[in-house]
Amino acid sequence: MWQDFSFSDIRFAELAQHVDGGARVLKQNPVECLFQFLCSSNNNIKRIEKMVSSMERFGDFLGNVGGFDFYKFPSIDRLSCISEQQLRDAGFGYRAKFVVGTVKALQEKPGGGEHWLDSLRKMELCSVVRELCTLPGVGPKVASCVALFSLDQHHAIPVDTHVWQIATRYYIPELADAKLAPKLFSRVSDAFVAKFGKYAGWAQTLLFIGELPSPKTKKPTGGKKCKNDNNETY
DNA sequence: AGCGTACCTCGGAC
DNA sequence: AGTCCGAGGTACG
Ligand SMILES: [Mg+2]
């Protein structure tokens with residue numbers, strides 16, 4: 001698959017050579033995935049991880065490995081025991097009410113929230129996103145993440161600030177100075193699907209990793225120039 | 001429909 | 001040391 005992506009995009013080809021050990025696009029549990037990305041809005045990864053681990057402590061204790069405690073991610077019912085104040089105290093900020101509201105909304109689904117989330121698997125991507133967006137704190141980006149990482153929607157493109165940077169730099173440079181707006185969300189998404197096709201979401205994930213200030217990538221530095229689709233150097 | 005703006009918190013940059 | 005900025009967006013006017 002990487003070869004296909006590399007053929008489709010020169011930048012992908014170059015980046016792929018510099019990502020050690022590959023990247024994994026995990027098929028996550030939908031509940032866990034949803035609440036993780038519910039914490040992600042306007043936030044940094046370190047704090048997101050802290051918030052997620054504080055939610056996990058409401059799940060069953062699994063054991064201790066190498067000095068680290070592990071917990072099963074809480075069920076929706078278990079999550080419903082957490083108050084907004086507890087979440088505030090745990091540093092969730094304004095996302096505290098999103099968590100409480102989404103738990104409540106899920107509990108009210110006929111057949112339960114877990115079942116409702118699973119039922120989204122067999123729907124079209126646009127319907128999946130639309131349904132998920134009815135939850136408080138869930139917009140198009142979070143919905144796309146949940147769809148891609150936990151609901152088998154491999155062509156979902158979560159358009160976040162990083163993807164926006166990538167897209168305007170390499171694929172649609174004419175929008176370089178525009179603000180990331182909902183209207184342009186689809187524009188970016190279309191650009192990725194046009195370029196990478198069925199598994200565009202996976203390609204997006206790799207390019208996203210390339211943007212992160214992470215030791216996982218050792219991007220080419222110093223002097224090397226490349227060209228984007230419009231033959232502009234970067 | 002489309003566009004501005006506020007929003008919790010917090011580590012790093014200056 | 002104080003201030004400012006921005007981070008895997010969303011809700012609301
Ligand atoms: Mg929503």
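Just so it is clear, the structure is predicted and the values come from calculations on it, not from any experiment. Sequence lines set the chain letters: A, B, ... in the order given, protein chains first and strands last, and positions in each chain run from 1.
Distances from the side chain of Ile45(A) to the nucleotides dG8(C), dC7(B), dA11(C) place dG8(C) closest. Out of dG8(C), dC8(B), dA11(C), the shortest distance to the side chain of Phe149(A) is found at dG8(C). Considering only the side chain of Cys145(A), dG8(C) comes nearest among dG8(C), dA11(C), dC8(B). Comparing dG8(C), dC8(B), dG9(C) by their nearest atom to the side chain of Phe208(A) picks out dG8(C). Minimum atom distance to the side chain of Pro140(A) is reached by dT10(C), of the listed dG8(C), dA7(C), dT10(C).
No donor-acceptor contact under 3.5 angstrom links the side chains of Asp4(A) and Tyr199(A), judged on distance only. Side-chain atoms of Tyr71(A) and Ser53(A) include no donor-acceptor pair closer than 3.5 Å.
Not one N or O on the side chain of Ser8(A) forms a donor-acceptor pair closer than 3.5 Å with the backbone of Phe196(A).
Separation of atoms CD (Gln153(A)) and OG (Ser127(A)) is listed at 9.0 Å; rounding is to 0.5 Å.
Straight-line distance from the CZ atom of Phe37(A) to the C1' atom of dT10(C): 16 Å, rounded to whole Å. Rounded to an integer number of Å, the gap from CZ of Arg187(A) to C1' of dG2(B) is 16 Å. One interatomic measurement links the two molecules: CG of Asn42(A) to C1' of dC8(B), which rounds to 9 Å at whole-angstrom precision. Protein atom CH2 of Trp164(A) is 18 Å distant from nucleotide atom C1' of dG6(C), rounded to whole Å. Between Asn44(A) atom CG and dG12(B) atom P the separation is 10 Å, expressed in whole Å. The distance between atom CG of Asn43(A) and atom C1' of dG8(C), rounded to the nearest whole Å, is 9 Å. With rounding to whole Å, Arg95(A) atom CZ is found 9 Å from dG9(C) atom C1'. Atom OH of Tyr94(A) and atom C1' of dC8(B) are 7 Å apart (whole Å).
Projected onto DNA chain C by closest heavy-atom contact, Leu135(A) and Gln204(A) fall at different nucleotides, the more 5' of which corresponds to Gln204(A).
For dT10(C), the paired nucleotide is dA6(B), the pair qualifying as Watson-Crick or G-U wobble because both relevant distances are below 3.5 Å.
Atom NZ of Lys104(A) is surrounded by 12 or fewer heavy atoms from other residues, nucleotides or ligands within 6.0 Å.
Only the P atoms considered, dG8(C) is 22 Å distant from dA6(B), to the nearest whole Å. Using atom C1' as the reference point in both dT10(C) and dG11(B), the two lie 23 Å apart (nearest Å). Taking atom P in both dC8(B) and dG13(C), one finds a spacing of 14 Å when rounded to whole Å.
Lys141(A) contributes a side-chain N or O that forms a donor-acceptor pair with the base of dG8(C) under 3.5 Å. The base of dC10(B) has none of its N or O atoms less than 3.5 Å from a complementary donor or acceptor on the side chain of Arg47(A).
Looking at heavy-atom distances under 4.0 Å, Gly93(A) makes contact with a base. If you check every strand for non-hydrogen atoms under 4.0 Å, Val163(A) touches nothing. Residue-level contact check: Pro158(A) touches neither bases nor backbone, having no heavy atom under 4.0 Å from any strand.
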| query | Going through the distances and angles, do Asp152(A) and Arg121(A) end up as a salt bridge (Lys or Arg N to Asp or Glu O under 4.0 Å)? | reply | CA-CA 7 Å; Asp152(A) 309 321; Arg121(A) 289 183 195 283; 3.2 Å; yes

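OP1 or OP2 of dC8(B) has at least one side-chain nitrogen or oxygen of Lys97(A) nearer than 4.0 Å.
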